[in-house]
**Q** 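Below you will find the structure I want to go over with you.
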Amino acid sequence: MEKLILIDGNSIIYRAFFAMPPLTNSKGLHTNAVYGFTNMLLRLIQEEKPSHILVAFDAGKETFRHEGYKDYKGGREKTPHELSEQFPLMRELLESFGIAWFELSGYEADDIIGTISKKGEESGRQVLIVTGDKDMLQVVSDNVKVALTRKGISEVEPYGPKEIEERYGLRPEQIIDLKGLMGDTSDNIPGVPGIGEKTALKLLHQYGSVEEVLAHTDEMKGKMKENLVNHAEDARMSKKLATIFYEVPVERSWEDMAFAGVQEDKAAPMLHRLEFKSLLERLDFTVGTAGEATSDSNVQSLTEVDVTIVDTATLPELKELLPQIEMMYVESYGDNPHHAIAMGMTLSTPERHFFVPFDFLKSKEAEVIVAWLGDASVPKRGYDLHRADLVLHWLGITLAGEEHDVQLAAYLLDPTDNNQTTSGLAAKYKLPIIASDEEVYGKGAKFKVPDQEILSKHLARKAQLLLQIMELQRNELEKNEMNRLFYELEMPLSRILADMEKQGVAVNRDDLIQLGKEFESQIAKLMKQIYEIAGLEFNLNSPKQLGEVLFDKLGMPVMKKTKTGYSTDAEVLEKLAPYHEIVQYILDYRQLAKLQSTYVEGLLKEISPITGKVHTYYRQTIAATGRLSSQFPNLQNIPIRMEEGRKIRKVFVPSEEGWFILAADYSQIELRVLAHISEDEGLQEAFLHDLDIHTKTAMDVFGVSADQVDSNMRRSAKAVNFGIVYGISDYGLSQNLNITRKEAAQFIEKYFQAFGGVRRYMDDIVLEAKRDGYVKTLLERRRYLPEINASNFNIRSFAERTAMNTPIQGTAADIIKLAMVLMDEALKKQGLKSRMLLQVHDELVFEVPPEEMDIMSKLVPEIMGQALPLSVPLKAEVSSGLNWYEAK
DNA sequence: AATATCACG
DNA sequence: ACGTACGTGATATTA
């Protein structure tokens, strides 16, 4: 049977434009959309081998749809000129490829395609429509399929009647009823307010069509009924607008649309003009002539890979090669690795790739693989092994022996690189490009686990690249003197973190609920008072509405603006508090609302029904300074500064009867680190004598003796110390202390006079950053600062402050990470039952059985204090109790 | 998806 | 003269 492909040119070229990075030829001509379109076209030709092709375009501004509804497609952004200039190029390219195209003033591409597809079907041809527009689904039939583009244009999802039934539970012709009810913002089709896809489908499943729905509104109630009655006409019109017109006078014959393959003599000059070198190279001009074999054409941009799917039959081959496996990759989806769904695993030697389906891995016969995974004496190389460990753990499988994690190494080599994906790293190292995960899986709601065929190949391609990347990383780590940091600190730490996360922290659910009730009643009281005083009810959580009440209605002075309107943050509200009693209530409300939503409700949602604990996920490859971060839930920002919030800590309890929570935190670790690296004598002296550092700073800055330092002076000195650590600026300090910039500048000058070594450090580190392009910590952790020489003052200043702060914050991070590794060793060596549960940047939290309280109270601060010998002592203070609140 | 706000070190 | 303190993550609202 002959096959006809109909392409919605506008839809595809738009998607190509936004999906592709900007691309211009040497003359400055934008070509990215044409490139994306062409790539897709060639792939279609190769895969579908069509006998006929036609590309339809929209023409002119006004179509017959505007006659009934002048706002049709209103509110759309104007087409960027970078795109509009590509339309003529696209038409030329189609002509050079011998592909027919058609447009007709007054009609949309949809209508042209609909018309031709009907004719194609009637003449006994198979039809495939390629578009990004779901409206097109209405023309689907047994012989007409619609391929919808997914995530850009790299992949399409074919829809026949069966797929529409599965996805929507509708017949193709009901798609217009769906649009009629839900509307379409992109075309400015109104639909019925309050009815989205969910509701629309429910109604259609019950009544079948817009007309039937409208005829039965008497059976409904509430807002929905009201909306349907009031907007019945909108619904009817919307349906009409979405309905394809099948009578377009198309001036193309079958002969015009026949496609006989791309001819080199015609196509090559055009491709040259566009400078599509890769396409020229890849095209061998034998592609796609109807019915002809397309043997060795490599239109496909991806390299071929061979993967062996591991099953009963192929297991012996893998078994044989297990000792030679050099790369493992576990794919899963879901942001939270504790709940992630495993998709598949690849095990690779440099020559061969094995794909292990998880169903098989769980079977009895696969236990040889499970044993291999759990054998700590077998070094594992992989990508994001931390995540792999957790995913496998919740499947009951142990992973051990992690030696090289490519993601973690990539983070160390450039912690600010936010594309540590395999395809991103491949690009960085100029290795062959592979499809990104987003291209293969889609993102957000479009995410879909692909067929095993596609998945296994994608993973194999990743593994292939990862093997190469790993070798390059080994060299680079060596060159950067980061071997110790990587192999002795970060790699062992990644195991420890995974173990802490699996262990989790017990949370007393009932107490948390009780606390929530107390917050709730206070919140209700505050809301009532606020609404009463304001004289109206509004959404207190909306800064916009709050701003209107405060500034427009009550006429309070505007202190600060955000880019969208009035600022109502705590700093502003505190200044406004004297003007009106309502402000304090709002501040109190804000505080409680935060506690309730984030810490009560948020935490409750994270308690595992399986373990009754929260299992956070420490991310080791995020923070630019080398710190950890914590997610799902974030256990590094549990309230402590305010008593109300601090109560949250009471619900974090030991997981075993009679045990205790023990917490130890470093005292002034950042300033001690600063004392060490700046070699400032005064600062070192202060820590050698274990002075109160803020008081000491106040003495020097204000030139007074210890007993003359009042609380206000100490507060200022503390702010100066913070400023120093952050990379000081007079403006920042003045904001913090609510003083003038001049006064702040004087403080800073005084500070530098007293601590000359610190001034020298600040100056030197900025020069070092300008010279090397990066700064580093004591353990050789790097952070590149490409903006350190920027001409823009703001950008440059930011980089300079970062240069000052990163070695301090980063070295502190190095130290506590070292302490964690040493602590883990000590616990194991001494056979202690105590468990490390949490890390909060300068604090470690443990759960400890009663008989180990004495030893742990000594051991923990000792190990933390000796983790990295500095020129000043490191001090860790320990405390304990029945819960985290008491361990303060 | 972006913005505002606020919790922590 | 320039205008921000350093590093994170979660929530609710709004576009």
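All chains are named by letter (A, B, ...) in the order of the sequence lines, taking the proteins before the strands, and each is independently numbered beginning at 1.
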**Q** Would you check if A/Arg714 and A/Asp692 make a side-chain contact, meaning some heavy-atom pair closer than 4.5 Å?
**A**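 A side-chain contact under 4.5 Å exists here.
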
**Q** What's the gap between B/dT3 and C/dT4 when it is taken at their P atoms, as a whole Å value?
**A**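 Between the two P atoms, the distance is 15 Å.
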
**Q** With a non-hydrogen cut-off below 4.0 angstrom, is A/Val725 in contact with a base, only sugar-phosphate, or nothing?
**A** nothing

**Q** By nearest atom, which of the nucleotides C/dT11, C/dA5, B/dG9 is closest to the A/Ser597 side chain?
**A** C/dT11

**Q** Suppose you measure atom C1' in C/dC2 against the same atom in B/dA7; what distance do you get, rounded to whole Å?
**A**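 These two C1' atoms come out 32 Å apart once rounded.
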
**Q** Are any of A/Ser542's side-chain N or O atoms less than 4.0 Å away from OP1 or OP2 of C/dT14?
**A** yes

**Q** Can you tell me the pairing partner of B/dA7 across any strand shown, Watson-Crick or G-U wobble, with both distances under 3.5 angstrom?
**A** C/dT8

**Q** Would you classify A/Gly727 as touching base, sugar-phosphate or nothing, given that sugar-phosphate means primed atoms plus P, OP1 and OP2, and contacts are heavy atoms under 4.0 Å?
**A** nothing

**Q** When you measure from the side-chain N and O atoms of A/Lys563 to the phosphate of B/dT3, is any distance below 4.0 Å, counting only OP1 and OP2?
**A**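 It does, given that an N or O in the side chain of A/Lys563 lies less than 4.0 Å from OP1 or OP2 of B/dT3.
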
**Q** Do the two ring centres, one from A/Tyr666 and one from A/His841, sit under 6.0 Å apart?
**A** no

**Q** With heavy atoms under 4.0 Å as the rule, sort A/Thr806 into base, sugar-phosphate or nothing.
**A**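 Touches nothing.
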
**Q** Give A/Asp842 one of three labels, base, sugar-phosphate or nothing, depending on what nucleic acid heavy atoms sit under 4.0 Å from its own.
**A** sugar-phosphate

**Q** Roughly how many Å apart are B/dC8 and C/dG3, using the P atom of each and rounding to a whole number?
**A**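 To the nearest whole Å, 31 Å.
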
**Q** Out of A/Asp680, A/Ile808, A/Asn721, which residue meets the side-chain contact (heavy atoms from CB on, under 4.5 Å) rule with A/Leu674?
**A**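 One option only clears the test, and that one is A/Ile808.
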
**Q** So, OP1 or OP2 of C/dT13: does either fall under 4.0 Å of a side-chain N or O from A/Asn539?
**A** yes

**Q** Is there a donor and acceptor pair closer than 3.5 Å between the side chain of A/Ser729 and the base of C/dT4?
**A** yes

**Q** Looking at A/Asn637 and B/dA7, is any side-chain donor or acceptor paired with a base atom of the opposite kind under 3.5 Å?
**A**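 A donor-acceptor contact between them is present.
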
**Q** What is the nucleic acid contact for A/Ile640, judged by heavy atoms within less than 4.0 Å: base, sugar-phosphate only, or nothing?
**A** sugar-phosphate

**Q** Under a 4.5 Å cut-off applied to non-hydrogen side-chain atoms, are A/Thr621 and A/Gln420 in contact?
**A**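 When only atoms from C-beta onward are counted, A/Gln420 and A/Thr621 do touch, with a gap below 4.5 Å.
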
**Q** Looking at the side chain of A/Thr625, which of C/dG7, C/dA10, C/dG3 is the nearest nucleotide?
**A**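 It is C/dG7.
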
**Q** Can a donor-acceptor pair under 3.5 Å be found between the side-chain atoms of A/Arg741 and the base atoms of C/dG3?
**A** yes

**Q** Does OP1 or OP2 of B/dT5 have a side-chain N or O of A/Thr568 closer than 4.0 Å?
**A**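 It does, given that an N or O in the side chain of A/Thr568 lies less than 4.0 Å from OP1 or OP2 of B/dT5.
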
**Q** Determine: side-chain N/O of A/Ser567 to OP1/OP2 of B/dT5, distance under 4.0 Å, yes or no.
**A** yes

**Q** Looking at A/Gln545, I'd like to know whether one of its side-chain N or O atoms comes within less than 4.0 Å of OP1 or OP2 on C/dT14.
**A**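 A/Gln545 to C/dT14 OP1/OP2: side-chain N or O found under 4.0 Å.
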
**Q** Could you please name the option among C/dG7, B/dA4, C/dA10 that lies closest to any side-chain atom of A/Gln631?
**A**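 The answer is C/dA10, which lies nearest to the side chain.
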
**Q** So, does A/Thr564 get its side chain near the phosphate of B/dA4, meaning an N or O under 4.0 Å from OP1 or OP2?
**A** yes

**Q** How close or far is atom P of C/dC6 from atom CZ of A/Phe722, stated in whole angstroms?
**A** 14 Å

**Q** Just checking A/Ile622: base, sugar-phosphate only, or nothing, at a heavy-atom cut-off of under 4.0 Å?
**A** sugar-phosphate

**Q** Considering only heavy atoms from C-beta outward, does the side chain of A/Thr806 approach that of A/Gln809 to under 4.5 Å?
**A**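 A/Thr806 vs A/Gln809: side chains apart.
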
**Q** Think A/Arg590 has a side-chain N or O under 4.0 angstrom from the OP1 or OP2 of B/dC6?
**A** yes

**Q** I'd like to know if A/Gln809 reaches the base of C/dC6 with its side chain, counting only an N/O donor and acceptor under 3.5 Å.
**A** yes

**Q** Is any side-chain N or O of A/Arg801 closer than 4.0 Å to OP1 or OP2 of C/dA5?
**A**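 Indeed not, no polar side-chain atom of A/Arg801 lies that close.
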
**Q** May I ask you to verify if any side-chain N or O of A/Thr598 is less than 4.0 angstrom from the OP1 or OP2 atom of C/dT11?
**A**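 The answer is no; no side-chain N or O of A/Thr598 sits under 4.0 Å from OP1 or OP2.
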
**Q** If we ignore angles and hydrogens, is there a donor and acceptor under 3.5 Å between the side chains of A/Glu800 and A/Ser797?
**A**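 On atom types as modelled, these side chains do not qualify, holding no pair under 3.5 Å.
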
**Q** How would you label the contact of A/Arg641 with the nucleic acid (heavy atoms, under 4.0 Å): base, sugar-phosphate, or nothing?
**A** base

**Q** Respond yes when some side-chain nitrogen or oxygen of A/Asn541 is under 4.0 Å from OP1 or OP2 of C/dT13, and no when none is.
**A** yes

**Q** In whole angstrom, give the distance that lies between atom CG of A/Leu573 and atom P of B/dA4.
**A**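 A/Leu573 atom CG is separated from B/dA4 atom P by 15 Å.
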
**Q** Check whether the ring centres of A/Tyr333 and A/Tyr441 lie less than 6.0 Å apart, and answer yes or no.
**A** no

**Q** Describe the nucleic acid contact of A/Ala593 in one word from base, sugar-phosphate, nothing, applying a heavy-atom distance below 4.0 Å.
**A**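 Here A/Ala593 touches no strand at all.
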
**Q** Give the rounded distance in Å between these two atoms: CG of A/Asp335 and C1' of C/dA10.
**A**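 Atom-to-atom, A/Asp335 to C/dA10, this comes out as 13 Å.
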
**Q** Between A/Tyr531 and A/Phe538, is the gap from one ring center to the other below 6.0 Å?
**A** yes

**Q** When we call it a touch if two heavy atoms are under 4.0 Å apart, what does A/Ala719 touch: a base, just sugar-phosphate, or nothing?
**A**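 Base contact - A/Ala719 has a heavy atom under 4.0 Å of at least one base atom.
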
**Q** Does the side chain of A/Ser629 get closer than 4.0 angstrom to OP1 or OP2 of C/dG9 through an N or O atom?
**A**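 Yes, such a contact exists.
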
**Q** Would you call A/Phe798 stacked on C/dT4, i.e. ring centres under 5.5 Å apart with the planes less than 30° off parallel?
**A**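 No, the aromatic ring of A/Phe798 does not stack with the base.
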
**Q** Please classify the nucleic acid contact of A/Ala570 as base, sugar-phosphate, or nothing, using heavy-atom distances under 4.0 Å.
**A** sugar-phosphate

